[in-house]
Number of protein chains: 2
Amino acid sequence: MPYTTKQQQAILACLERKQGQPLSAADLAAELRQDGSPVGLATIYRQLERLESTGCIHKINTEQGSYFQYCTHAEDGAGCLLLKCEGCGRIVHLDCSYLQPLYEHLEQEHHFTVDRRRTLFTGLCADCRAREERHASE
Amino acid sequence: MPYTTKQQQAILACLERKQGQPLSAADLAAELRQDGSPVGLATIYRQLERLESTGCIHKINTEQGSYFQYCTHAEDGAGCLLLKCEGCGRIVHLDCSYLQPLYEHLEQEHHFTVDRRRTLFTGLCADCRAREERHASE
DNA sequence: TTGAGAAATGAGAATCATTTTCACATTATA
DNA sequence: TATAATGTGAAAATGATTCTCATTTCTCAA
């Protein structure tokens with residue numbers, strides 16, 4: 001029977017504290033070290049995998065590796081999405097009701113159940129778009 | 001001044017031939033080897049990067065690495081999306097008009113321009129969902 | 001044509017996130 | 001307490017991607 005270790009608690013607590021902010025395994029390691037409760041990377045990956053499989057957190061894949069986020073509610077993510085800017089690398093988290101009809105359509109017409117907590121759009125934020133345009137006009 | 005090499009042509013031709021089917025760099029290498037025109041992996045990555053920056057192809061990030069797809073038209077992707085099944089790993093490509101209002105909303109309200117060719121939803125296809133349910137009920 | 005210089009190529013080394021291994025520590029339960 | 005199960009972390013292994021550099025291929029002006 002599994003039991004709870006202080007590493008597990010520290011990892012989950014850290015993710016909760018940073019809610020809405022995607023963290024990489026390395027980010028987590030750094031955070032935990034700062035908090036005075038360092039945890040080995042192997043353990044961090046193991047725990048992240050476990051937390052993900054139980055639905056406590058969700059994983060987002062990007063070019064530079066994976067990021068993890070705490071899920072507040074069971075139904076969290078129903079209309080939530082992430083935007084990743086290709087310019088500055090930032091990941092922004094927001095809610096949007098426009099996703100609902102799309103998900104329903106995919107479910108009914110294409111028999112595909114979207115994992116709503118892992119939706120990630122790639123593109124450009126306003127700042128980076130402006131920078132690109134300036135660049136192009138030179 | 002850049003010139004065209006047979007490796008470049010072979011890579012692009014292969015991507016065109018496999019349209020709608022995302023290929024990894026390794027897939028491409030295997031294809032090209034079979035075609036009798038083997039190309040080094042370093043070159044494949046270099047060319048994929050170039051083709052992506054010119055907009056000829058687009059890149060999709062997954063847990064297992066990146067995949068690349070040929071873009072038919074400049075405006076391709078306006079309503080196209082990719083579904084990646086977490087169960088079987090398949091990537092399905094389809095068109096869907098439900099994306100349009102969402103993109104417009106993100107553009108106007110959140111000042112975020114989505115790169116429409118890189119939209120990827122993660123979830124479960126019908127087959128894998130059925131399998132999961134069978135599993136859970138045991 | 002020729003040859004200097006610009007680009008491209010590919011084998012292998014380097015990198016970096018992630019996973020695995022394994023000896024050891026911790027906890028549960030008999 | 002003894003013992004089996006599980007968790008931990010350092011170090012090694014893995015695998016995708018990138019870098020290095022010697023070599024090849026092209027371009028273009030003389």
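Note: hydrogens, waters and symmetry copies are ignored here, and every other heavy atom, side chains too, is used. So you know, we letter chains A, B, ... as the sequences are listed, proteins then strands, and number each from 1.
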Protein-nucleotide distance (A/E49, atom CD; C/dT19, atom C1'), rounded to Å:
9 Å
For B/S66 and D/dA16, is the shortest distance between a side-chain N/O and OP1 or OP2 below 4.0 Å?
no
Tell me: CG of B/L51 to C1' of C/dA8, nearest whole Å?
14 Å
Rounded to the nearest Å, what distance is computed from the OH atom of residue B/Y67 to the C1' atom of nucleotide D/dG15?
13 Å
Go through the side-chain N and O atoms of A/R50 and A/S53 and say whether any donor and acceptor fall under 3.5 Å apart.
no
Output the rounded distance in Å from CD (A/E52) to P (C/dT19).
10 Å
Tell me: CD of A/Q64 to P of D/dA16, nearest whole Å?
18 Å
Between C/dC16 (P) and A/E63 (CD): distance, integer Å:
16 Å
Taking atom types as modelled and ignoring hydrogens, do the side chains of A/T119 and A/Y103 form a donor-acceptor contact shorter than 3.5 angstrom?
yes
Take the protein atom CD of B/Q9 and the nucleotide atom C1' of C/dA8, then report the distance between them rounded to whole Å.
13 Å
Run the salt-bridge test on B/R129 and A/E107 with the 4.0 Å N-O cut-off and return the result as yes or no.
yes
Name the pairs: protein N/O against N/O of nucleotides 8-13 of chain D, kept only if under 3.5 Å.
from: D/dT8; atom 1: OP1; to: A/T5; atom 2: OG1; distance (Å): 2.4
from: D/dT8; atom 1: OP1; to: A/Q7; atom 2: OE1; distance (Å): 3.4
from: D/dT8; atom 1: OP2; to: A/Q47; atom 2: NE2; distance (Å): 2.9
from: D/dT8; atom 1: O3'; to: A/Q7; atom 2: NE2; distance (Å): 3.0
from: D/dG9; atom 1: OP1; to: A/Q7; atom 2: NE2; distance (Å): 3.3
from: D/dG9; atom 1: OP2; to: A/G40; atom 2: N; distance (Å): 3.2
from: D/dG9; atom 1: OP2; to: A/T43; atom 2: OG1; distance (Å): 2.8
from: D/dG9; atom 1: N7; to: A/R46; atom 2: NH2; distance (Å): 2.6
from: D/dG9; atom 1: O6; to: A/R46; atom 2: NH1; distance (Å): 3.2

Note: for B/G65 and B/T4 on DNA chain D, the residue whose nearest nucleotide lies more 5' is B/G65
Under a 3.5 Å cutoff, is there a donor and acceptor pairing between the side chains of A/N61 and B/T62?
no
Is B/D115 salt-bridged to A/K84, going by a charged N under 4.0 Å from an acidic O?
no
Tell me whether B/E49 at atom CD has more than 12 heavy atoms from other residues, nucleotides or ligands lying less than 6.0 Å away.
no
Any donor-acceptor N or O pair under 3.5 Å, side chains A/Q7, A/T43:
no
According to salt bridge (charged side-chain N to carboxylate O under 4.0 Å, His left out), does anything in residues 59-69 of chain B pair up with another residue at least two apart or in another chain? List the pairs.
A/K59-B/E63, A/E63-B/K59, A/R118-B/E63
In whole Å, I'd like the distance from the CG atom of B/L28 to the C1' atom of D/dT17.
14 Å
Write out a two-atom table: protein N or O, nucleotide N or O from nucleotides 3-5 of chain C, distance below 3.5 Å.
none

Can B/R17 and B/C14 be said to form a side-chain contact (heavy atoms from CB on, under 4.5 Å), step by step?
CA-CA 5 Å; B/R17 195 157 9 98; B/C14 186; 3.9 Å; yes
Counting only side-chain nitrogens and oxygens, does B/Y45 get under 4.0 Å of the OP1 or OP2 atom of D/dT18?
no
